[in-house]
Amino acid sequence: MATLSIDPRLSSRTADFVSSDHRMLIDGRFVAAASGKTFPVYNPATGEVITHVPEAEAEDVNRAVTAARRAFDEGPWPRMSPSERGRVLWKIADLVEEHLEEFAELESLDNGKPFSVARVADVPLTVDMFRYMSGWATKISGKTLPLSAGYDYHSYTLREPIGVVAQIIPWNFPLLMAAWKLAPALACGCTIVLKLAEQTPLSGLRLAQILDEAGLPTGVVNVITGYGEGAGAPLAAHEMVDKVAFTGSTEVGKLIVKAAAGNLKKVTLELGGKSPVVVFPDARIDSVIQGTASAIFFNHGQCCCAGSRLYVHEKVFDEVVDGVSHVANEIKLAPGMDPSCQMGPLVSDEQYHRVVGYIESGIGEGAKVAAGGPVSGVDRGWFVRPTVLTNTNPRMKVVQEEIFGPVVCAVPFSDRETDAIIKRANDTIYGLAASVWTQNLSLAHKVARGLRAGTVWVNCHNVFDASLPFGGYKQSGWGREMGEEVLNNYLQTKAVTVAL
Ligand code: ADP
């Protein structure tokens with residue numbers, strides 16, 4: 001193996017973990033892949049290999065699913081008292097919180113995001129998610145139902161865990177996406193095989209150690225590392241899996257649906273977006289500029305709900321575009337672990353080329369660059385400058401397709417009917433999120449109703465909370481993450497009727 005390069009700014013604890021012999025959690029044991037194969041993990045700030053992790057394939061998937069099946073059918077977890085399950089979830093939250101700095105370092109190193117952001121966003125939101133779902137464990141209940149069929153019946157529903165769940169997650173918020181998936185499924189009493197994203201396996205592997213330490217019974221959570229085709233596809237297709245919960249691209253979401261058809265396993269999907277941001281002329285311009293810049297540039301635009309289409313009323317268009325471009329130009333690009341970093345590199349070489357390709361395609365189709373552009377000026381690492389494009393039209397690829405990078409298309413609109421701008425905002429195959437900026441209460445609510453999106457923010461963007469359901473209309477997905485609603489993803493309802 002070549003000498004591995006580790007960032008000198010990492011704490012010794014994190015450096016030791018990164019250079020340790022990485023193992024997957026299968027059936028309560030930390031194991032290598034059955035084949036012995038591993039694959040490299042990169043530091044996006046340098047492009048260098050930092051470590052290797054096991055490459056799971058069909059055989060490993062089968063071992064993990066078999067363990068989860070056994071844990072569900074015979075193990076204590078689904079039969080445990082809800083308060084005991086809740087206590088385990090709370091313990092996981094405490095342990096993650098205890099290791100907050102370490103998780104933030106791993107996230108920054110592996111994904112590229114600023115350490116300063118990971119420690120106030122990714123990790124605390126992860127802790128919140130486990131705590132919030134810990135509370136739900138004791139509050140899952142059915143109903144008693146009066147029957148029109150007659151008085152002499154007693155009918156009620158039971159809400160039961162759906163069974164063995166396959167969870168497949170992406171690389172943009174590696175730890176948080178694991179928490180969004182694991183916490184509700186555990187609260188419901190399911191058992192799980194979690195496949196981490198191949199680009200960012202480190203925080204999930206560290207989380208696996210913590211899950212083990214928190215006292216989860218054997219086989220309840222299995223954590224595997226591997227590629228989409230090699231590990232994700234056999235997991236989504238596995239006959240012993242009852243449900244697959246996926247977060248990732250719309251393209252792969254469609255493959256998951258096909259793979260799930262074999263045994264008609266239940267499917268929920270949290271997919272792509274092309275979220276509109278609509279700015280009316282009465283909005284508070286200072287907060288619009290900061291807020292709409294953050295809507296697209298937060299996490300380097302690598303958010304499924306990134307505000308990537310900026311519709312601004314013509315009266316304030318120049319002011320807003322100049323303001324957002326100024327914010328973009330001031331953002332300091334640096335490795336995530338550099339204390340001065342405001343924006344790190346994109347996650348991978350593939351993602352870098354994809355995003356630069358989109359910027360070039362926009363320019364090729366006639367868009368003007370108000371800030372940023374295809375050249376980052378940083379000599380190594382997968383950096384892309386925050387970019388503002390104007391002079392676009394609705395049919396351009398940059399306006400229609402999800403870029404998943406720090407690139408926003410700003411478009412003016414005039415004093416036409418409000419309905420016309422709602423129509424333009426809805427002119428996409430996606431429907432994940434949107435934001436509206438105005439001081440006019442009635443207008444804000446009217447637009448919120450008209451937008452076909454699972455989340456609408458008013459005078460803000462990217463506000464998340466464990467209590468808020470999140471998910472997509474149209475091709476942005478099926479089902480909801482978080483909030484009470486996510487429990488529906490992991491429960492099924494049994495109706496029991498007794499003749500008295
Ligand atoms: P992105 O394009 O952002 O990398 P993907 O949708 O490709 O997102 O990947 C999200 C997750 O889906 C990752 O864990 C990846 O390994 C997994 N994945 C990719 N292809 C497949 C597939 N054919 N079946 C199951 N999982 C897959």
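Both counts, for ligands and for their atoms, begin at 1 and track the order of listing.
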Expected rows: ligand 1 N/O, protein N/O, dist below 3.5 Å:
residue, atom, partner, partner atom, Å
ligand 1, 3 (O), W171, NE1, 3.2
ligand 1, 4 (O), W171, NE1, 3.0
ligand 1, 6 (O), S249, N, 2.8
ligand 1, 6 (O), S249, OG, 2.7
ligand 1, 14 (O), I169, O, 2.8
ligand 1, 14 (O), K195, NZ, 3.2
ligand 1, 16 (O), K195, NZ, 2.9
ligand 1, 16 (O), E198, OE1, 2.6
ligand 1, 16 (O), G228, N, 3.3
ligand 1, 24 (N), A233, N, 3.4

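Partners of N263 under the side-chain hydrogen bond (donor to acceptor under 3.5 Å, both in side chains) rule, at least two apart in sequence or in another chain, are K265. The side-chain hydrogen bond (donor to acceptor under 3.5 Å, both in side chains) check on Y311 picks up R309, with sequence neighbours excluded.
Using a cutoff of 4.0 Å between basic side-chain nitrogens and carboxylate oxygens, R63 and D60 are scored as salt-bridged.
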Pairs of donor and acceptor atoms involving the side chains of residues 217-233, under 3.5 Å and at least two apart or interchain, shall be tabulated with distances.
residue, atom, partner, partner atom, Å
N222, OD1, D27, N, 2.8
N222, ND2, I192, O, 3.1
N222, ND2, G219, O, 3.0
T225, OG1, P54, O, 2.7

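A side-chain donor from one of K243 and T268 sits under 3.5 Å from a side-chain acceptor of the other.
In this pair, W180 and F464 present their aromatic rings tilted. The plane angle is within the 30 to 60° band.
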